[in-house]
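I have placed the structure first, in the form of structure tokens, so that the comments after it can refer back to it.
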Amino acid sequence: MDERYSPEKVETDAQEYWDRHRSFKAVEDPKREKYYCLSMFPYPSGKLHMGHVRNYTIGDVLTRFMRMQGRNVLQPMGWDAFGLPAENAAMANGVPPAKWTYDNIAYMKRQLQSLGFAIDWEREFATCQPEYYKWNQWLFLRMLEKGIAYKKTGVVNWDPVDQTVLANEQVIDGRGWRTGALIEKREIPMYYLRITQYAEELLADLDRLPEWPERVRTMQANWIGKSVGVRFAFRVNGVARSALGSPPSPLEGEGMGMGGDDPSPLALSRKGRGGVGESLQDGLLWVFTTRADTIMGVTFCAVAAEHPLATHAAKSNPKLAAFIEECKRGSVMEADLATIEKKGMPTGIYVTHPLTGEPIPVWVGNYVLMAYGEGAVMAVPAHDERDFHFAKQYRLPIKQVIGVSLGGGRGGNVAFTTDAWQEWYASKDGVCVNSGKYDGLGYAAAVDAIAADLKAKGLGDKQVIFRLRDWGISRQRYWGCPIPIIHCPHCGDVPVPDKDLPVALPEDCVPDGTGNPLIKRADFVNCVCPKCGGKARRETDTMDTFVDSSWYYARYCSPDSGKAMVDERVKYWMPVDQYIGGIEHAILHLLYSRFWSKVMRDLRLVAYDEPFTRLLTQGMVLNEIFFRKPESGRITYYNPADVEVKLDDKGQRIGAILKSDGRPVESGGIGTMSKSKNNGVDPQALIDQYGADTARLFIMFAAPPEDTLEWSDEGVAGANRFLRRLWKLAAEHVGAGIPAKTDLSQLPSPLRDLRRLVHQTLSKVTDDIGRRRTFNTAIAAVMELMNALARLDDGSGPARAVRHEAFELIALMLAPIVPHISHALWFALGHKEAAIDARWPAVDNAALKQENLEIVVQVNGKLRGRVSVPVQAPEDKVRELALADENVARHVAGKAVRKVIVVPGKLVNIVVA
RNA sequence: GCCGAAGUGGUGAAAUUGGUAGACACGCCAGCUUGAGGGGCUGGUGGCGCAAGCCGUGUGGGUUCGAGUCCCACCUUCGGCACCA
């Protein structure tokens, strides 16, 4: 064994061994329990970043650990290879997205391999390969047949200069990123997937995912956004149905006939979202409310700018038309809407209150969303904070209809004033007042009574609605999976027959920013109608890349299947036992994958309901931010590698300078590693300098996996120091020869203590990795053991045998985390079989036995002494020994002992007066 | 604004079930080692105090023999987002 630890050699050797023996090939074996460990696949952006390294190291540790536990493990890897960056790169460099993508994949694959991940590379694929995306198309056609996929118009960002559709991220302050032109909103036909049909199940099944982080489940539940309330209508005064120009809808009447008990999400999702018209059938203004108990307090209604009633009113009111235009111009991003000033304008139209018959004015409000509910709300300013402020601003009446008695709870109504908003105004705990026959009813009773009365009048009923909207998958982009539709002038939109799949994407296009290049590809666009044989035009839109990532985990089970999307091997491997990825995917990717799984299940392609049994969301990787901001001009960020930090003599930071010019830079705190803040660390540089094991060790040691991880060059050096020390100690031990097998059950005291520590450490590491997933504490425990081992200065036979066992267990305990050095140490310790095929060691319970325990003694809760007591000592004896301790006796002397609390094996607390 | 998570030495953190606060590591200090390369080894390192000891886990209360951990109120930071009717 070399005296010196040289990671390049150690790591190359280990990786060559694993390659040669195809150690990571996963083979289905019904006799063995499987373990499918999956990390979210990367977008091939060019090179790995630290977030990838962290993600894949966590997955690899669990994979290798479970493998040592005897499970038949699968850890695959692939590439989320379609997407916008490839088109941007093409525009910048003139390289086709296909070439750019495949080059990046080749480079990043080498990087992943150099980190020594236990990946079955034989299952690798990229989503841009026709063998994969063929099945996107195939499933899309099945969805079309089942009515899950459908076509309707949607709004997109239109750049009038480049004549192209832009993604949200390509719109900066309302202008195109390349042209600077003001972006217009355009309505174009698009394909949608009816995820809302699964809303109820997607919500309910969150309860079947107990091993997902609570906060992810909460985020998904909020995103699905189930609301139980009442949908009802106001008659629009003096407006006939024909005047509104809304065509009779085939869905008309469906809402009323559905009954409140079992509302179908499918029907609901159609209603109110299908576009203009439906909300005004028969001259009715439909609204949805969760506070029907406040209906007697309605003093106005507010509709969205896009609402047909607003459109109608604007025809004869230029000022209103201008206001509506202003509202429509604003951002569609809901986060932006949260901060805009609330504005409104009266339409001049009145509606009739369904219960009181009073006339109610209708306003247009910029805070009403067309996409949620009916695009119209009843406004109860006394009991809704937004309505309250709106009413104050425009001097609209405010009528209290809910009373609350605080304090005693009997009768005494707390005073209501319109001076300022009070928290309790929105409370559901009060009872109705000023509400005629509903007076005195609580929330639930009032809602029931009011819903029943509305139903009797044929003007409404209870209703469940979801915030979740159908998934629009059409993208007016080149580098994606073609949507398999043919547009025929005679037959309309015709699905591509299964036998003609895949619709292959030409790979030699170079986008130039002026729209989808597919439109100009005659050989792609021109085709023959499968129905009538006439000339037809192929759809040029491609699919959202979230489609690609919605089922890739299932494809890994049978990546070579040419006949089917997935084959019977999926039954063995799925569902994924452990999924690992960034918290940024908590909603969309995970929700779409869950939806896609349920669709595949309903098509009897798979048997599972949920694709990911256990989820681990790893924290972000942070680093310091340094910058200079000149008097005039732009802020410049400096990479922490180019900055030297100045410390005072206590190690407290006093400043930082740029290494190149020695002049000070300012600290911007710490933040996520990003290009814009120039605070990234290149994993490749780290691997080149210290090796993969050091990178893996540092990343797993610095923080628990779910927490953020702060980068530290000193910490990396420390991790490397530990490995060098381990290597050196092991080399010294092995250099003296492999000790003969020795009976370790009878050892002198210091050796027995050391051996107990060895097995205590094994016990802790097993629990930390297997159950707690706190890799940082597992590593700390091994470090502690190594420190104890280094202190043992004893060259005797028994000592060498104890030391040998300790090194063996250290090599195995560290094998999931730093597999290369463990591989080398294991062979050096005299084993013929490689560490990769070794089993996780078992704790020797006999080694854990001890005769005496150290017990802490407190007096009035303050630590006053420690005593050694026999393990089997009865409580009286422990108490006696505790009181006999010199320091304890001193603190107890002269005081009456009131109580003595004995916690077996832990402590004694003596309570004195 | 709403929702969620978290506040512990100079720093990253540990304390798993209410039971020794600060394991492990970084940094710093002292000493040794002419093998300066990102050296190696030993010891020290929460604050105050000569000491006994006292104080100490964001702040203020509370429960308990005992609280970083449980309860109430507040402050701060981070993350997510919805004006969701």
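Per chain, numbering begins at 1; letters A, B, ... match sequence-line order.
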What contact category does A:A702 fall into here, base, sugar-phosphate, or nothing, at under 4.0 angstrom with non-hydrogen atoms?
sugar-phosphate
Assign A:R291 to base, sugar-phosphate, or nothing according to its heavy-atom contacts below 4.0 angstrom with the strands shown.
sugar-phosphate
Separation of B:C26 C1' from A:E714 CD (nearest whole Å)
7 Å
Considering only B:A23, B:A85, B:U16, which nucleotide approaches the side chain of A:R771 most closely?
B:U16
Are A:F390 and A:F300 close enough that their ring centres sit under 6.0 Å apart?
yes
Whole angstroms only, please: what is the CZ-C1' distance between A:R791 and B:C41?
14 Å
Can you check the distance between B:G19 and B:U69, where both ends of the measurement are the P atom (answer in whole Å)?
11 Å
I want to check one thing: is the phosphate of B:A25, taken as OP1 and OP2, less than 4.0 Å away from some side-chain N or O of A:R725?
no
Gap in Å between the two C1' atoms, one belonging to B:G49 and one to B:C54, rounded
9 Å
Identity of whatever pairs with B:U17 - Watson-Crick or G-U, under 3.5 angstrom:
none
Any Lys/Arg nitrogen of A:D384 or A:R386 sitting under 4.0 Å from an Asp/Glu carboxylate oxygen of the other?
yes
Heavy atoms under 4.0 Å, any strand shown: does A:H389 hit a base, just sugar-phosphate, or nothing?
nothing
Ranking B:U20, B:G38, B:C24 by distance to the side chain of A:L907, first place goes to B:U20
Taking A:D470 for the side chain and A:T196 for the main chain, is one N or O donor matched with an acceptor at less than 3.5 Å?
yes
Could you walk me through whether A:D767 and A:K764 pass the salt bridge (Lys or Arg N to Asp or Glu O under 4.0 Å) test, one step at a time?
CA-CA 5 Å; A:D767 188 50; A:K764 176 169 175 57; over 6 Å; no
A:N887 side-chain N/O to B:G53 phosphate OP1/OP2 under 4.0 Å:
yes
Please tell me if the side chains of A:L454 and A:P354 come closer than 4.5 Å, counting only heavy atoms from C-beta onward.
yes
Tell me which nucleotide, if any, is Watson-Crick or G-U wobble paired with B:G43 when both distances must be under 3.5 Å.
B:C29
Give A:F722 one of three labels, base, sugar-phosphate or nothing, depending on what nucleic acid heavy atoms sit under 4.0 Å from its own.
nothing
Would you mind reporting whether A:I195 and A:Y592 have side-chain heavy atoms less than 4.5 Å apart?
yes
Would you tell me if any nitrogen or oxygen in the side chain of A:R724 comes within less than 4.0 Å of OP1 or OP2 on B:G39?
no
Please check the phosphate of B:C83 (OP1 and OP2 only) for any side-chain N or O of A:K343 closer than 4.0 Å.
no
For B:C26, take OP1 and OP2 only and decide whether either is under 4.0 Å from a side-chain N or O of A:R721.
yes
The answer to which of A:N909 and A:A703 contacts RNA chain B further toward the 5' end, by nearest nucleotide, is A:A703
Any side-chain N or O of A:R772 less than 4.0 Å from the OP1 or OP2 oxygen of B:A15?
yes
Using a cut-off of 4.0 Å on non-hydrogen atoms, how would the nucleic acid contact of A:Q858 be classed: base, sugar-phosphate, or nothing?
base
As its Watson-Crick or G-U partner within any shown strand, both distances under 3.5 Å, B:U59 has B:A73
Side chain to side chain contact (heavy atoms under 4.5 Å, CB included) between A:F698 and A:L709, intermediate numbers included
CA-CA 10 Å; A:F698 169 72; A:L709 185 151; 4.1 Å; yes
Return yes if some donor-acceptor pair links the side-chain N/O of A:Y690 with the main-chain N/O of A:V716 below 3.5 Å, else return no.
no
Which part of the nucleic acid does A:N787 contact within heavy-atom distance under 4.0 Å: base, sugar-phosphate only, or nothing?
sugar-phosphate
note: A:D387, atom CG; B:C84, atom P; distance rounded to Å ~ 10 Å
Under 4.0 Å between a side-chain N or O of A:R386 and OP1 or OP2 of B:C84?
yes
Would you find a donor on one side and an acceptor on the other, under 3.5 Å apart, between the side chain of A:R772 and the backbone of A:I769?
no
Is there a Watson-Crick or G-U wobble partner for B:U8 with both distances under 3.5 Å, and if so, which one is it?
none
Mind checking the P distance from B:C24 to B:G43? Whole angstroms is fine.
12 Å
Could you give the distance separating B:C72 and B:U63 at their P atoms, to the nearest angstrom?
15 Å
Counting any heavy atom closer than 4.0 Å, what does A:R864 reach on the DNA or RNA strands: base, sugar-phosphate only, or nothing?
sugar-phosphate
Could you state the CH2-C1' distance from A:W711 to B:G12, rounded to the nearest angstrom?
13 Å
B:G66: pairing nucleotide in any strand, Watson-Crick or G-U under 3.5 angstrom
none
Let me know, please, whether A:A780 or A:P704 comes out on the 5' side of the other along RNA chain B by nearest nucleotide.
A:P704
Taking the C1' atom of each, how far is B:C84 from B:U16, in whole Å?
40 Å
Return the value, rounded to whole Å, for the distance between atom CE of A:M50 and atom P of B:G12.
19 Å
Looking at B:A85, which nucleotide sits across from it as a Watson-Crick or G-U wobble partner, both distances under 3.5 angstrom, or is there none?
none
Using the C1' atom as the reference point in each nucleotide, state the distance between B:U17 and B:G68 in Å, no decimals.
15 Å
Across all strands, who's sitting opposite B:C3 as a Watson-Crick or G-U wobble pair, both distances under 3.5 Å?
B:G79
With sugar-phosphate meaning primed atoms plus P, OP1 and OP2, does A:V377 contact a base, only sugar-phosphate, or nothing at under 4.0 Å between heavy atoms?
base
Quantified in whole Å, what is the P atom distance between nucleotide B:C74 and nucleotide B:G1?
13 Å
Quick one: is A:T777 getting a side-chain N or O under 4.0 Å of the B:A23 phosphate, OP1 or OP2?
no
For the pair made of CZ in A:R215 and P in B:G79, what is the distance, rounded to whole Å?
12 Å
Without decimals, in angstroms, what is the distance between A:N720 CG and B:G39 C1'?
12 Å
Residue matched to B:G35 through Watson-Crick or wobble contacts both under 3.5 angstrom
none
When rounded to the nearest Å, what value does the distance between P atoms of B:G12 and B:G60 take?
22 Å
Does A:K764 get its side chain close enough to the base of B:U16, under 3.5 Å, for a donor-acceptor pair?
yes
Do any N or O atoms from the side chain of A:T289 and from the backbone of A:R291 form a donor-acceptor pair under 3.5 angstrom?
yes
Write down the distance between CG (A:L709) and P (B:C26), rounded to a whole number of angstrom.
16 Å
Taking any heavy-atom pair under 4.0 Å as a contact, classify A:T289: base, sugar-phosphate, or nothing.
sugar-phosphate
Which way is the base of B:G46 turned, syn or anti, if we draw the line at 90° from 0?
anti
Could one point to a donor on the side chain of A:N776 or the base of B:G12 with an acceptor on the other under 3.5 Å away?
no
